[in-house]
Asks: 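Structure below; questions to follow.
Reminder, nothing fancy here: chain letters follow the sequence lines and each chain counts from 1.
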Amino acid sequence: MDWHQQYIGKVKQAVFHTHKTGRKRVVASTEQNIIATLDLRRGEIFWRHVLGPNDVVDGIDIALGKYVITLSSGGSILRAWNLPDGQMVWESSLHGPKHSKPLLLTRNLIIEKDNVLIVFSNGRLNAVSCIDGEVLWKKDFEEESLEVQQVIQPPGSGFIYVVGFAASSQFEMYKINAKNGELLKHESTAFSGRFTGEVSLVSSETVVALDSTGSILLTISFHNGKISSQQTPVSNLLEDSPGLAVIIHPSVTGIFAIKTDAATIFIRVIGEGKLEVVEKTNHETVVSDALSISEGQQAFALVQHAGSSIHLTVKPAHDWDSNLLKESIKMDQQRGFVHKVFINNYIRTDRSHGFRALIVMEDHSLLLLQQGAIVWSREDGLASIIDVTTSELPVEKAGVSVAKVELNLFEWLKGHVLKLKGTLMLATPEDIAAIQHMRLKSSEKSKMTRDHNGFRKLLIALTRAGKLFALHTGDGRIVWSHLLQSLHKSESCRQPIVLNLYQWLVPHHHALDENPSVLVVGRCGPSSDALGVLSLVDSYTGKEFSSLSLVHSVAQVIPLPYTDSTEQRLHLLIDADKHAHLYPKTPEAIDSFQSEFSNVYWYSVDDDNGIIKGYALKTKCSSNVADEFCFDSRELWSIVLPSESEKIITTATRKLNEAVHTQAKLIADQDVMYKYISSNLLFVATVAPKASGEIGSVTPEESWLVVYLIDTVTGRVLHRMTHHGSQGPVQAVLSENWVVYHYFNLRAHRYEMSVIEIYDQSRADNKDVWKLVVGNHNLTSPVSSYSRAEVITKSQSYFFTHSLKAIAVTLTVKGITSKQLLIGTIGDQVLALDKRFLDPRRSVNPTQAEREEGIIPLTDSLPIIPQSYITHSLRVEGLQSIITVAAKLESTTLVFAHGLDLFFTHYAPSRTYDSLTEDFSYALLLITIVALVAAIFVTWILSQRKELQDRWR
Amino acid sequence: MEKGKGVMGAGRRWAVDFSDNSTAPSSRDIPDPPGFTRASVDQDDSAVSRQKKDAEANWKAQKAWEVAQAPFKNLLMMGFMMWMAGSTVHLFSIGITFSALWQPISALQGVGKVFEPYKDNKVDLLGPKLLFIALNLGGLALGVWKLNTLGLLPTHASDWVSSLSPAQEVEYSGGGIPL
């Protein structure tokens with residue numbers, strides 16, 4: 001019923017471990033701050049550690065053949081993990097005088113029989129013992145402007161070079177004794193130009209750097225401690241002026257590469273600073289690090305794209321023209337370009353070198369290539385999901401052969417007999433295995449058609465890499481994936497960013513012949529006024545059937561509750577200049593929009609300045625271009641929070657698709673309270689600016705939390721409440737007429753959760769039964785926010801043990817089933833908490849009537865019931881959000897939690913009162929019925945006979 | 001009721017009339033014995049039968065009143081059982097309440113049948129019938145009252161608004177923190 005998938009994210013660095021006998025592994029560090037070891041045969045995770053969000057991995061390596069060494073947190077933390085099982089062996093913290101680029105160097109450097117790691121970080125060079133992480137010696141480089149670029153240890157020598165730039169124009173070289181950190185020599189040379197960051201190491205005593213204009217290459221050698229340099233203008237090497245160039249890859253002996261807009265140029269260094277272009281390619285090219293394959297011989301890999309396949313070439317470092325390996329591999333277009341390649345070699349049976357390559361693609365997937373084929377692939381793009389929506393599956397059509405997936409009657413019966421045996425404990429071990437197998441591959445749940453219960457759906461996930469995935473809710477498999485072409489890097493869109501995902505078309509009337517589709521919104525560039533990009537993708541096939549490059553920016557996307565005749569949902573896109581643009585741009589859309597024009601409002605929350613503003617739509621745009629789909633906005637209201645005392649940290653609104661069953665809440669003694677149900681309700685939480693930092697950074701006296709409930713049509717503040725001595729971070733969820741939020745109470749030193757329920761007092765008079773019986777009331781007539789309903793609120797607070805990562809609420813199709821809160825705990829689990837625990841009407845001694853109503857006696861803290869972890873023993877590492885989707889069955893919510901891992905389950909807050917469980921034994925029921933009928937007949941016949949005999953007597 | 005019906009009413013299948021009512025001696029083959037005057041016997045005989053009929057009518061009226069009063073005992077018993085059942089909704093109390101409702105209704109439906117055996121020209125059945133109906137209505141009222149105390153009657157506002165869907169909103173507003 002539920003599934004769990006583990007991912008590691010986009011691989012930043014990978015190190016192979018294939019020397020020893022035993023299982024071959026690859027150790028990888030990723031951009032999501034994970035260190036993981038993968039099985040090289042199948043790509044499965046052996047172990048994985050998620051470092052904190054601030055603990056960025058800077059470098060990894062394998063030391064002594066048994067430790068994985070990681071340098072993280074900007075070079076401050078050095079850790080060693082045991083390779084086979086991932087246990088941490090030791091940890092050292094390396095501090096220094098100033099911040100600098102962290103560098104990790106592991107060569108077979110041995111000082112007094114101790115394997116040593118050389119780490120440069122925070123302006124200090126450290127030699128750390130591999131065995132226990134002890135710092136053997138350290139050397140500070142305190143010069144203020146020094147930026148160390150490379151730490152070099154020429155093989156077989158007893159010294160270390162530290163090279164870098166000082167004041168951006170001076171080249172500095174330090175020669176240090178590797179045994180004790182003693183400074184042997186210090187040389188420096190000044191240059192006229194300035195340097196850009198990267199240098200490329202072309203031999204152990206030569207580096208190549210580019211100046212800041214990107215037009216002059218500097219070859220600097222420091223042989224024997226003497227600095228000599230040579231300047232070569234890039235234009236000398238290339239006839240046509242290439243524009244700004246950057247050095248892309250270091251550390252292949254004798255060769256480096258520069259990349260310009262159009263091409264990648266490989267340059268060889270010959271002799272004393274002489275440069276020679278060996279190849280210039282216009283294709284997208286990726287180079288691996290050098291791999292030493294035998295004594296003194298290095299190889300590196302190049303990956304180039306050519307149409308629908310990629311070419312993997314492995315070349316020896318000393319000879320550009322020969323190839324050790326040349327393979328062409330067919331590659332799925334939906335994976336985009338190759339971003340990184342890591343190679344590893346093995347000895348074939350004929351003693352020649354074979355190579356395997358691990359490549360990281362544009363969509364963050366990870367593939368292992370060997371012998372011209374993809375051995376395995378991992379869809380690690382799913383570790384960075386931005387947004388998720390769902391789509392129904394196609395309706396089962398008559399005539400479409402479903403029989404292939406459905407079992408025939410005999411097999412069905414056989415299966416149930418097996419299950420029956422299982423229930424009656426008559427099953428043999430083989431039978432039990434068969435039952436297990438049947439449950440696992442139950443074809444029913446992974447069919448590609450809609451089911452009656454609405455359990456089978458497509459989860460459409462948008463990842464940071466700009467790829468859409470459709471996952472089947474039955475078993476979590478990827479139905480299709482699509483790398484959005486419109487959000488690909490191109491001339492017109494240099495830095496595409498995907499923003500969000502919306503449902504564009506959900507067919508109800510034409511469900512048989514129309515496919516649903518989703519809208520992906522992106523923008524070209526990180527700033528808010530960058531132009532927007534829209535893309536429409538078919539939910540069944542994953543084909544991008546339309547894409548638009550907008551002429552305006554996208555600040556907000558507002559899905560409207562109206563559709564046009566083809567059931568496309570109308571969307572308002574607000575640009576940075578506060579113009580509203582209506583999509584789809586069809587005359588029909590504008591017609592249906594015109595009728596609701598005066599009732600559409602929008603608001604924006606400026607969390608930096610603490611201003612919330614509401615707008616109405618005015619006439620057509622006053623800009624020079626005639627565009628009938630563009631509207632000007634008119635500011636209606638604004639709420640300006642005092643910036644010296646309040647800072648907005650969280651907002652929450654109701655989910656658009658949430659169904660509310662009733663507007664009345666029945667309380668004890670058959671009394672009624674009317675809920676204030678409005679989809680225009682906004683929850684805002686602000687804290688004192690001082691207290692917006694970490695917990696404990698302020699005293700309770702200067703910290704407070706203020707919560708607001710605001711009507712976004714009129715800007716009316718419905719409720720305002722202050723929690724003194726409390727602090728964020730605040731997680732909030734708003735549903736029906738209540739909001740639940742979680743924060744930290746500094747006075748009590750505990751986390752707290754509060755609930756606010758809001759009731760409409762102006763309807764409270766509707767208590768005359770006769771009026772209600774004859775329908776003489778206004779409870780169902782449309783309401784306007786301008787009628788200013790009188791509201792009352794009730795609220796209560798409770799202590800809660802955990803800190804939170806996410807909070808959500810169960811969602812059912814009609815909203816009848818009671819609600820439960822789904823809490824993403826700090827331990828990356830999802831905990832279900834009944835909403836009845838967060839009921840402001842709880843009291844210490846509830847009356848009999850209140851007890852009957854289900855009110856729980858008040859306690860100061862919320863209970864955590866171990867059985868209500870809906871993730872069971874699993875963890876959703878790096879939990880980001882919990883998404884709830886209503887199934888067609890009223891009792892059931894589909895829950896999807898994502899972070900680095902994905903987890904999906906069905907959850908029934910009030911048990912599955914409207915269906916039989918999956919393992920219900922129909923066979924047992926059938927047999928019981930048959931047995932009963934038979935018994936009735938037999939007893940009837942017997943009694944007839946008996947009566948007859950009695951009469952004759 | 002069943003017994004009375006058997007003896008007095010439709011249960012009578014055949015009869016032999018032993019009393020000879022004929023007054024004309026000429027109709028007979030056999031002349032009257034000497035010293036017998038037919039007229040006196042006739043007179044005497046008619047008085048006896050009238051007496052008999054009056055007694056029967058009285059008896060019927062009495063029985064009818066008895067039958068009419070029968071639901072009263074029932075009522076008392078029902079009241080006691082309801083008191084025993086308590087005011088919470090569970091199987092027992094619901095069963096009792098529904099039987100308390102069903103009995104008067106079925107009895108009211110069969111009013112005519114109940115009083116059929118006592119039908120007579122001389123007997124006035126209106127009184128007993130009215131009493132019977134009144135008592136049964138009383139029983140019904142008791143049942144309804146019990147239903148209400150169990151909270152199963154829609155007599156509160158909450159019963160009428162509990163499934164009232166929320167009112168539609170005129171305005172629509174969207175937005176939030178800019179993307």
Asks: Quick one: which residue pairs count as a salt bridge (Lys or Arg N to Asp or Glu O under 4.0 Å) with a foot in residues 69-86 of chain B, not counting sequence neighbours?
Replies: none

Asks: Do you know the tightest heavy-atom contact between A:Arg763 and B:Ala167?
Replies: NH2-CB, 3.6 Å

Asks: I'd like to verify something: which residue of A:Tyr603, A:Trp602, A:Tyr786 has the highest number of heavy-atom pairs under 4.5 Å with chain B?
Replies: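 Heavy-atom pair counts peak at A:Tyr603.
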
Asks: Tell me whether A:Tyr502 at atom OH has more than 12 heavy atoms from other residues, nucleotides or ligands lying less than 6.0 Å away.
Replies: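 Result for OH/A:Tyr502: enclosed.
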
Asks: Can you tell which part of A:Leu560 gets under 4.5 Å to a heavy atom of chain B, answering side chain, backbone, both or neither?
Replies: both

Asks: Take atom CZ of B:Phe98 as the centre, draw a 6.0 Å sphere, and report whether it contains more than 12 heavy atoms from other residues, nucleotides or ligands.
Replies: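 Result for CZ/B:Phe98: open.
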
Asks: Sort out for me which of A:Thr780, A:Val783, A:Val672 touches chain B most, counting heavy-atom pairs under 4.5 Å.
Replies: A:Val783

Asks: Checking side-chain polar atoms at under 3.5 Å, does A:Ser678 have a donor or acceptor matched by the opposite partner on B:Glu169?
Replies: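 Yes, because at least one side-chain N or O of A:Ser678 sits under 3.5 Å from a partner of the opposite role on B:Glu169.
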
Asks: First locate atom CD1 of B:Ile177, then atom CD1 of A:Ile648, and finally report the distance between them rounded to the nearest 0.5 Å.
Replies: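 Answer for the CD1-CD1 pair, B:Ile177 versus A:Ile648, is 7.0 Å.
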
Asks: Just checking, any donor-acceptor pair under 3.5 angstrom between side chains of A:Ser784 and B:Glu171?
Replies: yes

Asks: Please classify the contact of A:Leu666 with chain B as side chain, backbone, both or neither, using a heavy-atom distance under 4.5 Å.
Replies: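 It is the side chain, since no backbone atom gets that close.
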
Asks: Chain A: which of B:Gly176, B:Pro178, B:Pro154 shares the most heavy-atom pairs with it under 4.5 Å?
Replies: B:Gly176

Asks: Starting from the C-alpha separation in whole Å, work towards a yes-or-no answer on side chain to side chain contact (heavy atoms under 4.5 Å, CB included) for B:Val161 and A:Tyr674.
Replies: CA-CA 9 Å; B:Val161 295; A:Tyr674 292 93; 3.4 Å; yes

Asks: Evaluate the side chain to side chain contact (heavy atoms under 4.5 Å, CB included) criterion for residues B:Leu179 and A:Arg523: first the C-alpha distance (whole Å), next the side-chain angles of each, then the deciding distance (0.1 Å), finally the verdict.
Replies: CA-CA 10 Å; B:Leu179 294 168; A:Arg523 75 158 66 111; 4.0 Å; yes

Asks: Say whether, by atom type as modelled, one donor and one acceptor occur between the side chain of A:Asn599 and the main chain of B:Tyr172 under 3.5 angstrom.
Replies: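 No; judged by distance alone, with no hydrogens or angles, the pair does not exist.
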
Asks: For B:Ser173, run the side-chain contact (heavy atoms from CB on, under 4.5 Å) check against A:Thr653, A:Thr714, A:Thr712, A:Leu682 and tell me which one passes.
Replies: A:Thr712

Asks: Kindly compute the distance separating OG (B:Ser165) from CD (A:Gln663), expressed to the nearest 0.5 Å.
Replies: 7.0 Å

Asks: Flag the one option from A:Asp671, A:Ile612, A:Val660 with the top tally of heavy-atom pairs under 4.5 Å to chain B.
Replies: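 Of the candidates given, the most pairs with chain B belong to A:Val660.
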
Asks: Count the heavy atoms of every other residue, nucleotide or ligand shown that sit under 6.0 Å from CD of B:Gln168, and state whether that count exceeds 12.
Replies: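 No.
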
Asks: What part of A:Tyr676 gets closer than 4.5 Å to chain B, counting heavy atoms only: side chain, backbone, both or neither?
Replies: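 For A:Tyr676, there is no contact with chain B at all, as no heavy atom is under 4.5 Å.
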
Asks: Give a yes or no on this: more than 12 heavy atoms of other residues, nucleotides or ligands lie within 6.0 Å of atom CG of B:Leu76.
Replies: yes

